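Lettering of chains follows the sequences in order, A, B, ..., and the numbering in each one begins at 1. Worth saying up front: this structure is predicted, and the values here are computed from it rather than measured.
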Amino acid sequence: MLLDCAAMDVTAILDKLNPAQEEAVTSDQRHVLVLAGAGSGKTRVLVHRIVWQVQVENISPHAILAVTFTNKAAREMRERIDQLLGMSLRGMWVGTFHGLAHRLLKAHWRDVGLPENFQILDSDDQLRLVKRVMRALELDEQRWPPRQAQWWINAQKDEGLRSAHIQDSGDVQLATMLRIYREYEASCDRLGVIDFAELLLRALELWRHHPQVLAHYQERFQHVLVDEFQDTNAVQYAWLRLLVGSVCRVTAVGDDDQSIYGWRGAKVENILSYERDFEPTHTVRLEQNYRSTSNILKAANAVIEKNADRLGKKLWTDSGDGEMVALYAAFNEHDEARYIADRLHQWVNDGQRRDEAAILYRSNAQSRVLEAALLQAEIPYRIYGGQRFYERLEIKNALAYLRLMLNVDDDTAFERVINIPARGIGERTQDTIRQTARGANTTLWGACVELIATNGLPGRAKNAVAGFLGLIEDMSLGSDALKLIEQAETAIERSGLIDLYRREKGERGLARVENLEELVAACGNFQPEHAEQPILPQFLDQVALDAGDRQADEDQDAVQLMTLHSAKGLEFPLVFLAGMEENLFPHKMSLDEPGRLEEERRLAYVGITRAMQKLYLTFAECRSIYGSESYNSVSRFVRDIPSDVLEEVRLQNTITRPTSYAAGALSSDLGDDTGFALGQLVCHPMYGEGVILNFEGHGPRARVHVQFEEVGTKILILDSARLSAV
DNA sequence: AAGGCAAATGTTTTT
DNA sequence: CATTTGCCTT
């Protein structure tokens with residue numbers, strides 16, 4: 001009976017796999033390394049291998065651990081397993097490295113010397129703390145930028161190095177960073193908080209220093225699967241090696257060509273070390289691509305081939321050539337955005353879905369102009385990344401109140417909102433409170449209580465502080481009997497936060513109020529993992545590790561905007577890569593170091609391989625950056641694409657114009673008989689300054705398209721337009 | 001202590 | 001260019 005079942009399932013599991021995928025899914029070698037090119041079905045292999053383990057090899061889901069890098073990937077993996085199985089696997093651990101580390105530390109907080117309710121610092125909190133530490137050390141913030149110190153500390157932690165491990169070589173730079181690091185570590189310990197990197201490092205040390213804990217997990221997990229293996233850093237790799245011990249099997253899936261997180265400590269070399277450290281390994285290459293047309297793959301291969309350090313893979317497909325890769329040279333970023341909006345308009349007119357199209361860019365700053373153009377063209381869009389929901393100022397303030405309601409001794413939260421909204425507790429008073437806390441070795445709350453009792457504050461300040469303490473006490477009184485959503489309402493109403501932002505004028509205040517309302521809604525929807533336990537702490541923990549990137553209107557048909565980094569792992573029938581210019585992409589910060597340039601190239605490869613049917617590359621000859629204009633040439637990555645798959649879109653055929661004009665329009669490249677040139681800066685008596693985008697016709701009766709800074713694109717008859725050169 | 005104004009100053013990617 | 005920082009006034 002059981003056997004029959006298994007036999008049936010085998011066909012279901014292996015049904016849709018190609019030979020290489022099947023080899024990876026069914027391998028009985030102890031460890032498996034899958035080098036999976038873009039679009040070659042790596043998630044499918046992972047999902048099917050898990051199901052294979054459970055259904056064919058009879059491994060309990062309880063004994064399986066699957067690790068990803070993003071919450072999104074973790075969710076997707078679960079969903080796809082459920083789908084394939086037709087039911088939900090219980091007991092299996094699926095999560096991000098950070099999420100799993102958090103889980104371990106929650107379970108073993110005593111062993112790692114953390115308070116039971118330790119808080120997680122996001123990078124913003126971390127920076128605040130670094131600044132505080134530096135001020136205490138009386139370091140000049142001009143000479144030692146706090147951001148740099150923060151970055152340095154994180155880099156050390158990613159390598160597994162604590163301040164005690166680092167040799168002070170006498171170098172001033174190093175010595176200073178080290179001092180900050182030491183103090184920062186001490187502060188974190190005192191406050192009972194840990195940053196992202198610390199989460200991983202502490203989890204590693206948990207296992208290193210507590211063999212019995214490690215043994216427990218080694219015994220439990222018989223199979224570990226790691227997605228995006230090229231993104232693992234030194235600590236994560238060490239963590240895996242410890243876990244694996246003597247029985248556990250590992251399946252790692254990755255692509256060295258898609259390693260784009262080197263800047264935050266990821267080590268592609270881990271892929272190379274794998275075959276040595278996880279022995280014996282069965283290595284499988286997935287090179288057949290099921291995503292893109294042949295032309296798109298040719299472009300991708302041509303770009304990535306220029307990298308020296310590669311394991312070497314060449315994607316191929318048995319689908320047809322498909323359409324050419326299109327290249328559009330825009331005059332400026334506005335023209336670029338308008339062109340993209342225009343193409344999207346066409347796409348929708350052709351009956352295609354908007355959410356099958358994506359606009360990808362190198363840096364978040366590029367999204368503004370694109371958004372404006374889409375707004376104007378009335379194309380719904382959804383933007384990913386940028387500022388995270390739970391990292392917004394107003395949200396963090398609201399969360400801080402919630403944290404205080406839970407625990408008045410949460411110094412990070414206390415400090416954040418003691419004077420927000422302003423209630424007369426200024427910098428001086430706060431300093432006194434901090435000093436008192438330090439002297440009495442107590443929390444800020446404790447210090448306040450003491451200062452009030454001993455009259456250690458001037459009258460006004462004392463009243464203000466007492467008022468704040470009273471407010472928090474009132475707010476938390478009986479709040480644990482309330483529903484989460486009511487607690488959230490209490491936090492934003494009674495604290496005065498919502499009124500503060502209601503009074504804030506302009507678009508911003510409005511957005512903040514909306515965000516707070518969205519937070520309340522999120523509280524209403526929150527499903528706790530442990531229904532019997534208090535819900536608020538569970539919510540706060542979840543929030544710390546989840547950026548809140550799921551958007552409310554996820555099912556609306558909207559074009560997707562995101563950075564190249566956040567596009568990894570996704571695919572779209574229609575893709576625009578915007579800003580294909582030198583100094584922007586590759587970014588000028590990456591030009592000096594060959595390693596960084598190679599990473600940029602991989603980023604380009606990731607971008608190109610997101611496209612299934614049609615790929616547009618666009619660049620702007622002139623782009624405003626920090627207010628001033630800069631002229632860049634087309635990206636080297638574009639130049640690496642062979643001309644037989646690249647089609648340069650001729651300007652005059654693609655410029656936006658009312659269709660009634662399109663039929664009879666005759667265009668001239670240069671407008672040579674008009675006295676003006678394409679791209680020229682001109683001035684109009686009413687519309688102000690603009691750029692000439694196109695000509696139709698010749699001589700004084702020619703129609704000229706001008707993109708004005710104030711009023712957008714206008715089409716004018718040359719001899720009546722009274723344009724002047726600028 | 002708060003709020004308004006001017007000046008400076010910084011921007012790659014993110015769990 | 002925007003936003004944040006710092007200095008100044010109330």
Side-chain angles (χ1 to χ4, degrees), chain A residues 67-74 95-102 120-124 126-127 131 141-142 145-148 151 154 157-158 195-200 227-228 231-233 235-236 259-266 333 360-369 384-388 390-391 393 418-431 458 460-461 463-465 503-504 506-508 544-549 562-568 579 583-591 596-597 599-600 602-604 606-607 623-630 709:
Chain A
V67 199
T68 62
F69 275 82
T70 65
N71 295 304
K72 200 162 145 202
T96 64
F97 274 105
H98 291 87
L100 296 167
H102 180 242
I120 297 170
L121 295 184
D122 67 16
S123 39
D124 179 58
Q126 188 186 30
L127 184 61
K131 278 184 181 164
E141 295 198 1
Q142 302 295 313
R147 293 194 153 277
Q148 201 182 307
W151 193 87
N154 287 335
K157 289 196 181 190
D158 284 343
D195 58 51
F196 282 128
E198 184 72 31
L199 223 37
L200 301 173
D227 194 13
E228 306 281 16
D231 291 337
T232 50
N233 68 23
V235 171
Q236 289 158 338
S259 160
I260 54 175
Y261 286 108
W263 53 273
R264 67 170 201 219
E333 71 271 27
L360 312 180
Y361 35 82
R362 176 67 237 262
S363 66
N364 277 312
Q366 287 171 256
S367 71
R368 280 182 172 280
V369 179
Y384 285 90
Q387 180 146 44
R388 298 295 204 245
Y390 289 121
E391 281 172 12
L393 186 78
I418 181 171
N419 202 29
I420 293 180
R423 45 174 72 88
I425 307 173
E427 209 47 51
R428 261 191 85 82
T429 312
Q430 291 184 43
D431 260 348
R460 265 174 84 125
N463 284 338
V465 170
R503 280 198 306 273
E504 190 174 342
E507 196 89 351
R508 257 217 332 228
L545 289 169
D546 189 7
D549 52 4
M562 66 190 86
T563 64
L564 288 156
H565 282 86
S566 32
K568 190 166 67 141
N583 295 322
L584 184 62
F585 189 31
H587 196 278
K588 60 171 173 295
M589 295 291 157
S590 317
L591 292 178
R596 312 224 78 187
L597 189 62
E599 186 153 309
E600 294 281 308
R602 293 192 290 269
L603 198 50
V606 167
R623 183 179 295 271
S624 304
I625 194 143
Y626 310 148
S628 58
E629 295 180 324
S630 63
E709 286 177 4

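- Between Phe585(A) atom CZ and dT11(B) atom P the separation is 21 Å, expressed in whole Å.
- Nearest nucleotide to the side chain of His98(A), out of dT15(B), dA1(B), dC1(C): dT15(B).
- Side-chain atoms of Asn419(A) lie closest to dA2(B) of the nucleotides dT9(B), dT14(B), dA2(B).
- Comparing the P positions of dG6(C) and dT11(B) gives an interatomic distance of 14 Å, to the nearest angstrom.
- Taking atom P on both dT4(C) and dT13(B), the two are 15 Å apart, rounded to the nearest angstrom.
- Checking dT5(C), dT11(B), dA1(B) against the side-chain heavy atoms of Lys131(A) singles out dT5(C) as nearest.
- Atom CD1 in Ile120(A) sits about 15 Å away from atom C1' in dT14(B), given to the nearest Å.
- Comparing dA1(B), dT3(C), dT12(B) against the side chain of Thr429(A) picks out dA1(B) as the nearest.
- In this structure, Ser566(A) reaches the dT14(B) phosphate: one of its side-chain N or O atoms is under 4.0 Å from OP1 or OP2.
- The CE atom of Met589(A) sits 9 Å away from the P atom of dT11(B) (whole-angstrom rounding).
- Contact check on Asp231(A) versus Lys568(A) returns a salt bridge, with a Lys/Arg side-chain nitrogen under 4.0 Å from an Asp/Glu carboxylate oxygen.
- Ion pairing between Arg388(A) and Asp122(A) fails under the 4.0 Å rule for side-chain N and carboxylate O.
- Between the P atom of dA2(B) and the CD atom of Gln430(A) lies a distance of 9 Å, rounded to the nearest Å.
- For dT15(B), the base has no donor-acceptor partner in the side chain of Arg388(A) [N/O atoms by modelled type, under 3.5 angstrom].
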